[in-house]
Amino acid sequence: MPVVTIDSVGQFAGQHVTIQGWLYNLREAGKLLFPIFRDGTGTIQGVVSAKENSGAFEALRGLTQESSCIVTGKVNPDARAPGGFELHVAEIHVVQRIPESDPYPIQLKEHGPDFLLENRHLWMRTPRQAAILRIRAQAVHAARNFMDSQGYTLTDSPMFTPAACEGTSTLFEVDYFDEGKAYLTQSGQLYIEATAAALGKVYCFGPVFRAEKSKTRRHLTEFWMLEPEAAYAELKDVMELGENLVSHIVQDVVAHRARELEVVGRDISKLSTVRPPFPRISYDEAVAILQKAGKDVKWGDDFGGDEETVLSSQYDRPVMVHHYPTAIKAFYMQPDAERPDRALCFDMLAPEGYGEIIGGSQRIHEYDLLLERIRQHGLSEKAFQWYLDLRRYGSVPHSGFGLGLERTVAWICGTTHIREVIPFPRMLYRIYP
RNA sequence: UGGCCCGUGGUCCAAUUGGUAGGACACUGCACUGUUAAUGCAGACGGUGGAGGUUCGAAUCCUCCCGGGCCAGCCA
């Protein structure tokens with residue numbers, strides 16, 4: 001008897017198969033039972049008749065939700081069954097029966113966010129959550145495939161770092177033996193600038209940590225970031241890379257996870273338009289658009305979530321805003337040669353109010369200017385000595401960006417909060433489970 | 001960190017603006033051969049986040065604490 005996954009039962013119509021999974025729900029209708037089994041790949045309705053199979057009927061009757069079981073039966077096409085196929089149960093082996101005295105806590109009804117997050121380890125079994133995690137995995141797969149196909153080499157950056165890349169107030173501090181304090185990385189960028197000078201085109205992908213006291217639907221204290229960096233690349237090159245990367249991720253998910261997108265209720269028509277070229281507007285143009293929309297924004301202000309939503313809602317695909325004022329951007333960004341008060345940088349804003357999914361720039365490649373900026377920002381020259389070395393030995397113009405995975409996946413899925421798109425979210429007031 | 005809002009059985013919500021805290025789901029039993037978060041009937045269970053205060057009387061009003069949500073700042 002072949003052991004099959006539920007997402008593939010269609011290939012076994014008319015045959016007997018075995019499914020290893022859990023009881024998702026059980027409906028009784030007299031001498032008929034309608035169990036719904038899930039195995040992580042999907043759900044399938046079974047049917048058992050007391051008249052035809054009293055053994056299986058008795059074994060299944062009263063079985064509790066989420067009890068684990070191994071089921072054997074015949075796959076029949078049936079329009080009355082959700083999913084189109086139904087399993088005529090021949091035999092059921094209960095692996096673990098959940099006692100009625102301590103039932104599975106997650107109901108098929110509605111729950112509040114606090115309860116669900118407290119039970120995240122169980123919540124993820126529900127079809128919607130499982131679908132989201134599969135979409136996340138597909139997005140990661142697509143992103144890595146794309147970077148590899150463009151000649152970028154994965155070079156992992158360290159999680160422990162001796163200093164910040166943008167001040168220490170938002171860093172998690174840890175004791176590091178006799179070396180004193182170390183910090184959890186908030187970006188791999190500085191390190192991949194080194195590997196880019198070694199290998200040309202590189203990227204890193206992993207978790208980063210921000211001790212920001214943010215508690216909004218767009219923030220986690222631990223999230224995953226994909227960061228490409230390329231030697232000899234200028235701003236326009238990485239903007240083009242960014243739009244190609246994002247459209248590839250979206251179209252790959254649409255192509256391979258259509259079923260999961262349907263489970264989460266995402267309108268695919270809003271994703272199919274996400275193809276290059278993405279609109280590009282300068283910071284100056286953005287300010288003009290916002291002022292025209294009645295926003296109280298002056299040149300030199302950074303944009304808040306509200307402003308980002310106004311800008312992004314004008315387009316059916318992500319928009320790239322470039323050339324922000326140097327003063328409101330990070331110390332390592334290269335100023336525009338013709339207008340030094342503008343930085344060679346860009347942000348990519350996702351549609352529908354999902355906010356910034358990419359932030360990137362051309363990096364300062366001149367030693368003297370970088371040293372000046374490090375001093376201006378009160379950063380440790382000693383800690384950044386190795387970073388300055390990159391400008392002493394064969395420095396070249398180079399550029400890169402960081403893509404926030406959870407914001408991107410939340411936008412693709414259309415979830416209201418990014419906590420749903422990571423298996424175990426870490427937030428300001430939540431570290432359990 | 002600031003602003004606003006919310007804490008009522010295991011879960012999701014009511015309680016006519018201070019007057020006996022109730023329903024649904026979940027759980028148990030019975031019925032039902034096509035259920036789609038099944039339905040119907042019956043049963044059992046058990047709660048006002050915590051500490052003070054006002055009052056004849058507090059889920060309701062006040063203070064503090066704890067927990068949570070949304071927004072802002074900051075960022076991806």
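Computed from a predicted model, the values in this text were never measured in an experiment. In the text below, chain A, chain B and the rest are named by the order of the sequence lines, each starting its count at 1.
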Practice prompt. Starting from the C-alpha separation in whole Å, work towards a yes-or-no answer on side-chain contact (heavy atoms from CB on, under 4.5 Å) for F401(A) and C345(A).
Written response: CA-CA 9 Å; F401(A) 61 79; C345(A) 68; over 6 Å; no
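- Contact check, H417(A) against rC70(B): a side-chain N or O comes under 4.0 Å of OP1 or OP2.
- Closest to the D78(A) side chain, of the nucleotides rA76(B), rA37(B), rG34(B), is rG34(B).
- For F223(A), whose side chain is taken as the heavy atoms from C-beta onward, the closest listed nucleotide among rA76(B), rG68(B), rC32(B) is rA76(B).
- For H111(A), taking side-chain heavy atoms from C-beta onward, the closest of the listed nucleotides rU33(B), rU11(B), rC74(B) is rU11(B).
- Atom C1' of rC6(B) sits at a distance of 29 Å from the matching atom of rA76(B), rounded to the whole Å.
- Within a 6.0 Å radius of CD in Q65(A), more than 12 heavy atoms belonging to other residues, nucleotides or ligands are found.
- If you check every strand for non-hydrogen atoms under 4.0 Å, I36(A) touches nothing.
- Ranking rG68(B), rC75(B), rG34(B) by closeness to the H219(A) side chain, first place goes to rC75(B).
- Take F160(A) and apply the ring pair (Phe, Tyr, Trp, His ring centres under 6.0 Å) test, not counting sequence neighbours, and it matches Y176(A).
- The shortest distance between the side-chain N/O atoms of R217(A) and the OP1/OP2 oxygens of rC71(B) is below 4.0 Å.
- We find that CD1 of I98(A) is positioned 11 Å from P of rC27(B), with the value rounded to whole Å.
- Set against rG69(B), rA37(B), rA76(B), the side chain of R210(A) has rA76(B) as its closest nucleotide.
- Nucleic acid contact class of E406(A) (heavy atoms, under 4.0 Å, all strands): none.
- Under the 4.0 Å criterion applied to side-chain N and carboxylate O atoms, E243(A) and R317(A) are not assigned as salt-bridge partners.
- The P atoms of rG40(B) and rU11(B) are separated by 24 Å, rounded to the nearest whole Å.
- In RNA chain B, runs of at least 3 consecutive Watson-Crick or G-U pairs, each pair with both distances below 3.5 Å, span B:1-7 with B:66-72, B:10-13 with B:22-25, B:27-31 with B:39-43, B:49-53 with B:61-65.
- Nucleotides rA44(B) and rA26(B) are separated by 13 Å at their C1' atoms, to the nearest Å.
- Relative orientation of the Y324(A) and Y283(A) rings is tilted, given thresholds of 30° and 60° on the angle between their planes.
- The salt bridge (charged side-chain N to carboxylate O under 4.0 Å, His left out) pairs that include a residue from residues 283-293 of chain A are D284(A)-R339(A), D284(A)-R342(A), where partners are two or more places apart or lie in different chains.
- For the pair R128(A) and E420(A), the salt-bridge criterion is met [side-chain N within less than 4.0 Å of a carboxylate O].
- For rU1(B), one of the phosphate oxygens OP1 or OP2 lies less than 4.0 angstrom from a side-chain nitrogen or oxygen of K213(A).
- Among the atoms of the strands shown, only primed sugar atoms or phosphate atoms (P, OP1, OP2) are found under 4.0 Å from some heavy atom of E100(A).
- Two residues, G62(A) and L32(A), neighbour RNA chain B, and the one matched to the more 5' nucleotide by heavy-atom proximity is G62(A).
- With both ends at atom C1', the span from rC65(B) to rU20(B) equals 31 Å, rounded to whole Å.
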